[in-house]
Amino acid sequence: MTSPDTRPAYYLTTAITYPNGAPHIGHAYEYISADAMARFKRLDGFDVFFLTGTDEHGLKIAQTAEKEGITPKEFVDRQAAVYREVHELLGTSYDRLIRTTDPDHYGAAQDIWKRMEANGDIYLGKYEGWYSVRDEAFYAEDETVVRDGVRYSKESDTELTWTAEESYFFRLSAYQERLLALYEAQPEFGAPRYRFNEVISFVKHGLEDLSISRTSFDWGVPVPDAPGHVMYVWVDALTNYLTGVGYPDVESAQFARFWPADLHIIGKDISRFHAIYWPAFLMSAGLELPRRVMIHGFLQNNGVKMSKSLGNVVAPADMIAQYGLDPVRYFLLREVPFGADGSYSHDAIVGRKNADLANNLGNLAQRSLSMVAKNCGGAVPEPGAFTAEDEGLLARAADLLRVNREAYAVQDFHGALEQTWRVLGDTNAYFAEQAPWVLRKTDPARMATVLYVTLQVVRTVATLAQPVMPESCGKLLDLLGVTDDGRDFAALDAPLTPGTPLPAPVPVFPRHEEPAA
RNA sequence: GGGGCCGUAGCUCAGCUGGUCAGAGCAGAGGACUCAUAAUCCUUUGGUCGUGGGUUCAAGCCCCACCGGCCCUACCA
């Protein structure tokens, strides 16, 4: 028998991806940020459940499949595999890769539907308007424009057809006050603040009931006891967060442990669905609400919006092949304040890779470790009494755990890395000032102390940066003689053990090399 | 039409409730060192803080207008 798990639970999700097209770096950005969060919490002693996956229903999927002459299921099987490969490539430490076509998800979506219906929030009505197949959205008359006898959406410039169909509606209008009360009582429910404010403002302007079923296609979760109706996107898609942890079996150990979710990480394009519809659905169904919806921005290529028509869409695999996985992970989380839109460029990525990783961290590790290898018998040196400089630096390094916790608590990956690297800068200055290569001849004991202090800082940084660069930091910890069970944050309480034998040092963060022309 | 955001050194940006607030990193220049991945350290050149007014003893920081970039939202056509 295993003893009961006393660790606190932590449940986080990414949005589920609509796998109609090819993966791009924006998808990777969301996965990487969530993965860093998940790894951080695990290292900090939490029992983490990390859910990500694909949203596989809807008209567009059905149409694309038809165009390719295959069934929707065949199409999404293929596409889900494509996205799974992206996760493998990124090293995403997910616990489940959910698909909305998974059998258990059908049961979950139908169950929450019944709960909302039982609560009197679902009614049958008629939906009509100008419909864009491509956007899967209706547009009001004034949102359209007629050109050459064909009506287009002003917003997306897609072709529209007048469509009228019977549809079930969710009584979203009844939830305005309760949602506003939620935002008031739980100001951290949505973040960053400037994006959450837009959501709140939208709710304050009033909410209309939401069409939640379709009869015009059948590639979706069937509406219970309503032949011909399939669920229209949001009830189906959002419910994945429940399915992932065992719903509708609300009595299950997994559901009891992990629901409500601690964090949904999503893109700014779907903030309303997560900060308005989702809590309303859950209120209606009598389920607990997630604690936080973190809204990230979009990445631009050299300051230019990525788009297929511009041909500047970068595939995750290409970027990783060019710069390496960990440098890409580091760059994306360090360069862009999480929540804001960001931009990547070759120069910016190479700059971070070389300056922050190869020079500040990699070289510091290499220079200190190689001195230890040559002058300290290839083992963690025995320090003497610490000077004020030693103590000061060690204290700043020790404080980084607190700093990182505070930053990760609000998904401030950029700030966490910035502050961590600042200590690395201090350490490089310390190393130069102490000049252990001079002490080697004049005061070997003092040299040993300086090297010990330096290794201790490098070890602290390597430990704390594992969520961002798992592989590289793992190698660095190997070089520092840190065993597998000494790599979580709790292990930082104990300093490096003098005398621990170390392997021969090898560079972990190489400078960027341009491929030969 | 409402509401909001942004415009600070070449680049990316910090600057909370007005009084060392003119800063950081990168890039550039000079010097040092040689343990190290031509890495590191020290020093240093750059800014009328978008423009024009105003309030104040004192304004990137408050107010008004304007220019430029952007977002949310409403509505007339």
Side-chain angles (χ1 to χ4, degrees), chain A residues 140-146 154-155 190 192-208 268-269 271-272 275-276 295 297-298 300 302-305 324 327 331 334-337 339-376 381 389 412 414-415 417-442 444 446-448 450-451 454-455 458 472 475-476 479 504-513:
Chain A
E141 183 91 20
D142 61 345
E143 291 176 304
T144 69
V145 60
V146 177
K154 280 183 188 172
E155 187 183 321
R193 194 68 218 180
Y194 54 91
R195 295 201 190 283
F196 190 30
N197 283 343
E198 288 180 354
V199 169
I200 295 171
S201 159
F202 184 83
V203 174
K204 281 183 176 164
H205 279 283
L207 296 171
E208 292 182 4
K268 65 178 184 180
D269 55 327
S271 58
R272 277 187 211 165
I276 301 174
I295 308 161
F298 288 165
Q300 301 189 324
N302 255 309
V304 179
K305 187 173 175 175
F331 172 81
R334 170 63 184 85
E335 188 79 2
V336 184
D341 288 342
S343 183
Y344 58 86
S345 67
H346 175 73
D347 288 351
I349 298 171
V350 171
R352 289 292 176 196
K353 181 178 176 181
N354 286 345
D356 291 7
L357 300 182
N359 299 351
N360 290 341
L361 175 56
N363 183 60
L364 177 65
Q366 185 62 14
R367 67 198 303 210
S368 52
L369 283 166
S370 84
M371 280 203 77
V372 167
K374 290 171 188 165
N375 306 296
C376 304
E389 286 77 16
D412 179 13
H414 151 268
L417 292 168
E418 182 177 24
Q419 305 231 58
T420 301
W421 254 252
R422 189 162 296 161
V423 173
L424 233 28
D426 292 344
T427 311
N428 270 311
Y430 164 88
F431 201 83
E433 189 182 334
Q434 300 297 323
W437 57 93
V438 173
L439 295 169
R440 179 182 55 182
K441 299 165 194 158
T442 60
R446 176 62 194 154
M447 174 199 72
V450 169
L451 291 175
T454 303
L455 293 194
V458 172
S472 307
K475 284 184 189 168
L476 197 46
L479 296 177
V506 291
V508 174
F509 295 98
R511 289 180 61 79
H512 185 71
E513 283 180 34

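Order of the sequence lines sets the chain letters (A, B, ...), proteins ahead of strands, with each chain counted from 1.
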Could you tell me the separation between the OH atom of Tyr194(A) and the P atom of rC5(B), rounded to a whole number of Å? 13 Å
Determine the stems involving RNA chain B; a stem requires 3 or more consecutive pairs of the Watson-Crick or G-U wobble kind, each with both distances below 3.5 Å, and the answer is none if no such run exists. B:1-7 with B:67-73, B:10-13 with B:23-26, B:28-32 with B:40-44, B:50-54 with B:62-66
Is there a side-chain contact between Pro381(A) and Val372(A) (heavy atoms, below 4.5 Å)? yes
Taking atom types as they are modelled, is there a donor-acceptor pair under 3.5 Å from the base of rA39(B) to the side chain of Asn359(A)? no
Nearest listed nucleotide, side chain of Arg367(A), among rC41(B), rU34(B), rU40(B): rU40(B)
Side-chain atoms of Trp437(A) come closest, of rA39(B), rC35(B), rC72(B), to rC35(B)
Could you tell me how far apart Phe202(A) (CZ) and rG2(B) (P) are, to the nearest whole angstrom? 21 Å
Using the P atom as the point on both nucleotides, what is the distance between rC61(B) and rU51(B), in whole Å? 11 Å
Rounding to the closest angstrom, what is the interatomic distance between rG10(B) and rU45(B) at atom C1'? 12 Å
With rounding to the closest Å, how many angstrom separate the P atoms on rC76(B) and rG1(B)? 15 Å
Heavy-atom donor-acceptor pair, Asn302(A) side chain to Tyr344(A) backbone, under 3.5 Å: no
On the six-membered ring of Phe298(A), is Lys268(A) placed so that its NZ or CZ lies under 6.0 angstrom from the centre and within 45° of the ring axis? yes
Looking at Val423(A), is its backbone amide N or carbonyl O close enough to the side chain of Thr427(A) to form a donor-acceptor pair, meaning the two atoms are under 3.5 Å apart? yes
Sugar-phosphate, base or nothing in reach of Pro436(A), heavy atoms under 4.0 Å: nothing
Arg195(A)/Asp341(A) ion pair, N-O < 4.0 Å: yes
Say you pick atom C1' in rG18(B) and the same atom in rA59(B); how far apart are they, in whole Å? 6 Å
Which atom pairs link the protein and nucleotides 24-28 of chain B when you take only N or O atoms and keep those under 3.5 Å?
none

Could you state the atom-to-atom distance from CD1 of Ile349(A) to C1' of rU12(B) in whole Å? 14 Å
Same-atom distance (C1') from rC13(B) to rU17(B), integer angstrom: 23 Å
Most 5' of Ala365(A) and Ser201(A) on RNA chain B, judged by nearest nucleotide: Ala365(A)
Report the distance from atom NZ of Lys305(A) to atom C1' of rC71(B), rounded to the nearest whole Å. 12 Å
Rounded to the nearest angstrom, tell me the gap between atom NE2 in His205(A) and atom C1' in rA74(B). 7 Å
Closer than 3.5 angstrom, by distance alone: can the side chain of Asn354(A) be matched with the main-chain N or O of His512(A) as a donor-acceptor pair? yes
Leu424(A) backbone acceptor or donor facing Tyr430(A) side chain under 3.5 Å: no
Of Asn428(A) and Pro337(A), whose nearest nucleotide on RNA chain B comes first from the 5' end? Pro337(A)
Sub-4.5 Å side-chain heavy-atom contact between Pro505(A) and Gln366(A): yes
Interatomic distance, Ile200(A) atom CD1 to His205(A) atom NE2 [nearest 0.5 angstrom]: 12.0 Å
Which whole number of Å gives the distance between the C1' atom of rC35(B) and that of rA22(B)? 38 Å
Pro510(A) to Lys353(A) - nearest heavy-atom pair and separation: O-CE, 3.8 Å
OP1 or OP2 of rA36(B) sitting under 4.0 Å from any side-chain N/O of Lys374(A)? yes
Of Val450(A), Leu369(A), Leu364(A), which is the lone residue that meets side chain to side chain contact (heavy atoms under 4.5 Å, CB included) with Leu455(A)? Leu369(A)
Counting any heavy atom closer than 4.0 Å, what does Val508(A) reach on the DNA or RNA strands: base, sugar-phosphate only, or nothing? base
Would rG7(B) be called syn or anti, given that syn covers angles within 90° of 0? anti
Between atom CD1 in Ile200(A) and atom P in rG4(B), what is the gap in whole Å? 15 Å
Protein-nucleotide distance (Asp341(A), atom CG; rC70(B), atom P), rounded to Å: 13 Å
Separation of the C1' atoms in rG7(B) and rG15(B), to the nearest angstrom: 15 Å
Taking rA36(B), rU40(B), rC71(B) as options, the one with an atom nearest any side-chain atom of Gln366(A) is rA36(B)
Over how many whole Å does the gap from Leu455(A) atom CG to rC35(B) atom P extend? 18 Å
Would you say rC35(B) has OP1 or OP2 under 4.0 Å from some side-chain N or O of Arg440(A)? yes
Less than 4.5 Å apart, any side-chain heavy atom of Val350(A) and any of Ser345(A)? no
Distance between the C1' atoms of rA9(B) and rC49(B), in whole angstroms? 10 Å
What's the base orientation of rG46(B): syn (chi within 90° of 0) or anti? syn
